[in-house]
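Shown next, in C-alpha cells, is the structure this report addresses.
Numbered from 1 within each chain, the chains take letters A, B, ... in sequence-line order.
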Protein chains: 2
Amino acid sequence: MSIDRRAEVVHAAAKSFTMFGYKATTMDQVARIARVGKGTIYTFFDNKEQLFEEIMKNFVAEILALAERAIDPGKPFAENLHRALLDVLNYRKEHELISRLTMEMKEIGTAAAGFGIHMMDEALLDFVAEAVQDAVAKGELKPCDPKLTAYVLVKLFITLVVDWPAVSGQPFKEKDVMRLFELYFLDGISETS
Amino acid sequence: MSIDRRAEVVHAAAKSFTMFGYKATTMDQVARIARVGKGTIYTFFDNKEQLFEEIMKNFVAEILALAERAIDPGKPFAENLHRALLDVLNYRKEHELISRLTMEMKEIGTAAAGFGIHMMDEALLDFVAEAVQDAVAKGELKPCDPKLTAYVLVKLFITLVVDWPAVSGQPFKEKDVMRLFELYFLDGISETS
DNA sequence: TTTATGACTAAAAATCAAATTCGGTCATTT
DNA sequence: AAATGACCGAATTTGATTTTTAGTCATAAA
C-alpha cells in the first residue's frame, strides 16, 4: 500500500501554517514538506484557502472535544463553564496557530485567515450558548437569550483573561478569575439583591 | 484689537482633524483655513502632535462635562451610569472625530492618533471608576476594585451597544440595553442568589 | 487507465529609484 | 516684537521592473 498522500499534505500544511502563518506558507513549501508534487495537492483541495479551512476545521474539532471533556454534568454550571473556557484559552496560548492567525488577520486582512478565526469563534460561541441553554433549562440560570448571553460571557472572559492583564500589566491567578467571574457575571455587582 | 490667532488655529485644526483625520490634515491646510501663516502655528504649538493633543483635550473635557451633567446624585447608581454612558456613546456617534480616529488608529498605527484615543478612554475610565467608588462607599455596590470594575463595565456596555448589534445586525432599544445591563452586570445571571 | 508530477503561466507582490509631499525652520517683512 | 511663507530635508508616494507564487496541464509513472 502506498503512502496516504492526502494525510501527508494535511500534516505538512498544518505544520507550515502553524509555523509561518497563512500568507508566508506557499503551496510549493507544503508540497516539499509533504514530499509530494504540487499538483497532487490540487487533487485533494481546490485551492489554498480550502486547504487552510481543512486545517482549521480539524483544529476547531480538537478544541471543542477539549471543551466537551471539561464539562462534568454533575458539577454546577459556573464550575463547568470556567474550567472549559480556561482549557480553551490555555490551548490557544499553547498552540501558536491561533494567536498567529489572530495577529495576521488584524494586521493584514487576509480573507481566509479571517474566515478561520470566525469559524473558531463561532464554534466556541455555539458551544457556550448550548451550555447556557442547558443551564437555563435546569433552572441554574435566569431565562435569557442563550446566544447573546454566550457572547457576553465570552467577551467578559476575554476581558478578564486577555485585555485587563494587557492594560494593567498583571495577569490574574486562576482563582482570581473564578472569583471575578462570579462577581461580575453570575452574582452581579449590585449590593441590594 | 487684532484677531485671536491662537483661537483661529485651534478652530481650524479641530475642523480639519474632524473632517479629514490626523494624517490627512496638513499644517499648510490648517494655516490656510485659519488664514494665518504656517509659522504662526508654531508660535503656539511645538508640533503637529501637540496641536492635535490640544484638540483632543478640549474634546475630552466636553465629553466629561456631558457625563457629569448626566449624573443625578439623588438617583440610583444604575440609572445614573446608564444615562451617562448612553450620552457619551451618543456623543461619539454624532461627532465623527472619535470613530474616524478609532479607525485611523487601527488601520494605520499613528502614534498621535493612538494617544488621542487612549486619553479619551482613560478619561472615561477614570470617570466611571470614581462613580463606582462612590457607589461602593454608599453601599450600593459590593466591594470591588473600582478601576477593574469600571473597565469591565465599559467593556460590557460596548459589547451590548456596539459589538453585538454589529454581529447580530439588530441594535437594541435603549430600554433593552438597560434591562440587559442589569441582568448581566448588576443582578447577575445566576438563578440561585 | 488512473494517478502523480513539476515546468509553465498569469497574476499578485516585493523592490527600488524618482518624484512629490509635508512637518518644521528661519531670514525677511510688517 | 509678531507674523509670514519660501525653503529644506526627511518621509512618503508613485510607478516601472523584477520576483514570487497560486493554480494549470501536458507528460510520466504506476
Given atom CE of A/Met27 and atom C1' of D/dA22, what is their separation to the nearest angstrom? 7 Å
Specify the separation, in whole Å, of atom CD of B/Gln50 and atom P of C/dG23. 15 Å
Starting at CZ of B/Arg6 and ending at P of D/dA2, how long is that distance when rounded to a whole Å? 15 Å
Please give, in whole Å, the distance from D/dG23 P to A/Asn47 CG? 5 Å
What integer distance in Å separates A/Asp28:CG from D/dT24:P? 14 Å
What contact category does B/Thr40 fall into here, base, sugar-phosphate, or nothing, at under 4.0 angstrom with non-hydrogen atoms? base
Look at all strands and tell whether B/Asp46 reaches a base, only sugar-phosphate, or nothing, counting heavy atoms closer than 4.0 Å. nothing
Side-chain contact, heavy-atom cut-off 4.5 Å: A/Tyr91 with A/Glu62? yes
Taking CD1 from B/Ile41 and P from D/dA3, how many angstroms apart are they, rounded to a whole number? 13 Å
Tell me whether the OP1 or OP2 atom of D/dA2 has a side-chain N or O from B/Arg5 closer than 4.0 Å. no
Has the side chain of B/Lys48 got a donor or acceptor that lies under 3.5 Å from a partner of the other kind on the base of C/dG24? no
Are the side chains of A/Met56 and A/Met120 in contact, using a 4.5 Å heavy-atom criterion? yes
Taking the nucleotide of DNA chain C with the closest heavy atom to each, which residue, B/Tyr42 or B/Gly39, is nearer the 5' end? B/Tyr42
Integer-rounded Å distance: D/dG5 P and B/Arg35 CZ: 13 Å
Pairing donors with acceptors under 3.5 angstrom, does anything connect the side chains of A/Glu49 and A/Tyr22? no
Salt bridge check, B/Glu53 against B/Lys57: does any charged N sit closer than 4.0 Å to a carboxylate O? no
Would A/Tyr184 and B/Thr149 count as having a side-chain donor-acceptor pair, cut-off 3.5 Å? yes
A/Lys23 side chain near D/dA22 phosphate (N/O to OP1/OP2, under 4.0 Å): no
Nearest whole angstrom, please: distance from the P of D/dT24 to the CZ of A/Phe45. 15 Å
